[in-house]
Amino acid sequence: MPCSCTLIWGMKLPISFLILMLISGSVLVAQPVTGIWRGKVKVQGKRQYQLELKLIRNADSLIGSSYYFHSDKQYSRFLVKGYINREGEIIWWDEQLIEHKGGAVVGGQTSLHYVADYNCPGEEIMKLDGSGEGTDTEVHLNKIKTPLFRDEWDDVIDDYPYYVLTPGLIDSVAQQSVTKVYNSATPSPTVNKESTTQPQKQHKTAEGTVAISFPPADKVQQGKPLTVEEKFVARKKILTSEIPVSGDSIRLDFYDHAEIDGDSIALFLNGRMLYQHILLKAEPFHFNIAVADLDQENEMIMVAENLGSIPPNTSLMIAWCNGQRYEARLESTENTSAMIRFIKPAEQVGTKK
């Protein structure tokens, strides 16, 4: 029997929401990536790890968590990031060790990008089969309904359409994962559902800018993969362009510059995160900023979340303001971030709402 392969396999949805999904088109995607995957990772044909992977599609990016484990009492959890490329391959990597239990860290190679193909060989059978990019590592995962490890992503997977149609909500859950790195008192995940930390329902109205607390520069852990907030703190900021702003608003368009190779960026304005997990493409990622909300001098920082397949991370920014067009070519590396400075005329200062 052919496999139907619907995105909502294993999810609890009312009929009205199914209709909304079909109308919107924003929830239905080419592959049913969002969910729980479990299987094995073989490293150079010798070492072998069990892996439980939770993937959530968030616009053009993937985010979630990975658990390398010997048992529920010996595991290592990583924050996962990734994307789906033009060929439909699922690409992810272990961005940051969040916690581990029971001795030494299990599995997890933060420099390794997994590249896997989605396939559906039979009814309700879904697989991710692939390898570690440029290595002898193999990964073979099956989609499952019930996780061994419970965490904040479970509610997102169960009610994915609600989350994906609520602006900023998935990002707010991702921030919960990030804060675990700085809070040693955070409970470890557990197989007991009662102790699971779930997103609070009242947070489901969150939208717009995500407010974050940055770790002090001297607290950024050296020698370990950095979160996007740590990258913002640690990397040198290089001024690329100064743009005068006036009128009511400024529109910003971000494209991948040169070859499209999976570059992903985050944007900060005056030390505050605006957006993250922006996958640069030929079509622009665009948004508007009210000039009245700006100070006289404003710094926007482009932080590379990854370097794509062709380093460095490059983007083309086009700004439209008061009928004028401005263009800036931005480049970010593992050591530097690109800065754009917006200058507002002195006579407009003080009109901030």
Side-chain angles (χ1 to χ4, degrees), residues 60-63 78-83 85 91-98 105 108-114 132-135 171 174-175 177-179 181-182 210 212-243 252 254-281 285 297-317 319 327-342:
D60 295 317
S61 301
L62 299 174
I63 195 164
F78 291 78
L79 173 68
V80 165
K81 293 185 180 180
Y83 60 94
N85 67 16
I91 300 173
W92 78 92
W93 57 92
D94 298 317
E95 176 80 5
Q96 173 79 44
L97 176 65
I98 295 178
V105 173
Q109 301 182 52
T110 54
S111 61
L112 180 65
H113 283 55
Y114 293 97
E133 195 171 41
T135 71
D171 287 338
Q175 189 59 36
S177 294
V178 170
T179 56
V181 179
Y182 308 112
V210 179
I212 58 176
S213 297
F214 298 109
D218 60 352
K219 296 297 183 182
V220 174
Q221 296 180 339
Q222 300 300 320
K224 293 185 178 181
L226 305 181
T227 65
V228 67
E229 292 83 6
E230 289 177 320
K231 292 173 184 178
F232 173 84
V233 172
R235 293 177 180 176
K236 180 179 180 180
K237 298 159 183 66
I238 298 177
L239 180 62
T240 301
S241 181
E242 289 191 348
I243 297 176
L252 299 175
F254 287 84
Y255 304 79
D256 200 339
H257 186 50
E259 186 172 346
I260 299 172
D261 62 333
D263 286 338
S264 177
I265 65 171
L267 295 173
F268 295 78
L269 179 62
N270 295 335
R272 186 179 179 88
M273 183 189 289
L274 291 180
Y275 299 96
Q276 60 179 327
H277 314 317
I278 302 171
L279 183 63
L280 298 174
K281 303 182 296 183
F285 175 86
E297 291 191 6
N298 309 269
E299 294 180 349
M300 177 172 286
I301 310 298
M302 186 191 87
V303 177
E305 293 183 335
N306 63 24
L307 300 184
S309 59
I310 307 175
N313 186 311
T314 56
S315 70
L316 171 66
M317 185 196 77
E327 186 175 299
R329 288 170 174 79
L330 311 177
E331 180 178 299
S332 294
T333 69
E334 291 182 348
N335 299 311
T336 64
S337 295
M339 177 195 300
I340 309 97
R341 184 172 290 143
F342 299 115

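Note: hydrogens, waters and symmetry copies are ignored here, and every other heavy atom, side chains too, is used. Residue numbers count from 1 along this sequence.
Taking the salt bridge (Lys or Arg N to Asp or Glu O under 4.0 Å) definition, one finds that Glu297 meets it with nothing, sequence neighbours left out. A search for ring-ring contact (aromatic ring centres under 6.0 Å, His included) contacts involving Tyr275 returns Phe285, Phe287, not counting sequence neighbours. Residues meeting the side chain to side chain donor-acceptor pair (under 3.5 Å) test with Asn270, sequence neighbours left out: Asn298.
Between Tyr83 and Trp93, the angle of the ring planes goes over 60°, which puts this pair in the perpendicular group of the 30/60° scheme.
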Problem - Audit row: Met317, Met302, side chain to side chain contact (heavy atoms under 4.5 Å, CB included) steps and yes/no - result: CA-CA 10 Å; Met317 185 196 77; Met302 186 191 87; over 6 Å; no
Handout entry: Verdict with reasoning, Asn306 to Lys81, per side chain to side chain contact (heavy atoms under 4.5 Å, CB included)
Key = CA-CA 10 Å; Asn306 63 24; Lys81 293 185 180 180; over 6 Å; no
Exercise for the section: Kindly indicate, with the supporting measurements, whether the criterion side chain to side chain contact (heavy atoms under 4.5 Å, CB included) is fulfilled by Arg329 and Leu316. Expected result: CA-CA 5 Å; Arg329 288 170 174 79; Leu316 171 66; 4.0 Å; yes
Practice task
Step by step, work out the side chain to side chain contact (heavy atoms under 4.5 Å, CB included) result for Arg341 and Ile243.
Solution key: CA-CA 6 Å; Arg341 184 172 290 143; Ile243 297 176; over 6 Å; no
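Heavy-atom minimum distance, Ala304 versus Ser332: CB-CB, 3.6 Å. Nearest heavy atoms, Ile91 versus Leu62: O-CD1, 3.9 Å. In this structure, Thr314 and Asp256 approach most closely via the heavy-atom pair O-OD1, 3.2 Å. Shown here for Phe232 and Gly271, the closest heavy-atom pair between the two residues is CZ-CA, 3.8 Å. For the residue pair Glu305 and Ile278, the shortest heavy atom distance occurs at OE1-N, 4.3 Å. Contact detail for Arg235 and Lys237: the closest heavy-atom pair is O-NZ, 3.2 Å.
Once rounded to the nearest 0.5 Å, the distance linking CD1 of Ile301 with CG of Leu239 reads 9.0 Å. Rounding to the nearest 0.5 Å gives a distance of 7.5 Å between CG of Leu330 and CD1 of Ile265.
No side-chain heavy atom of His277 sits under 4.5 Å from any side-chain heavy atom of Val228. Counting heavy atoms from C-beta outward, Val80 and Tyr114 have side chains that stay 4.5 Å or more apart.
Summarising the local packing, CD of Glu334 is surrounded by 12 or fewer heavy atoms from other residues, nucleotides or ligands at distances under 6.0 Å.
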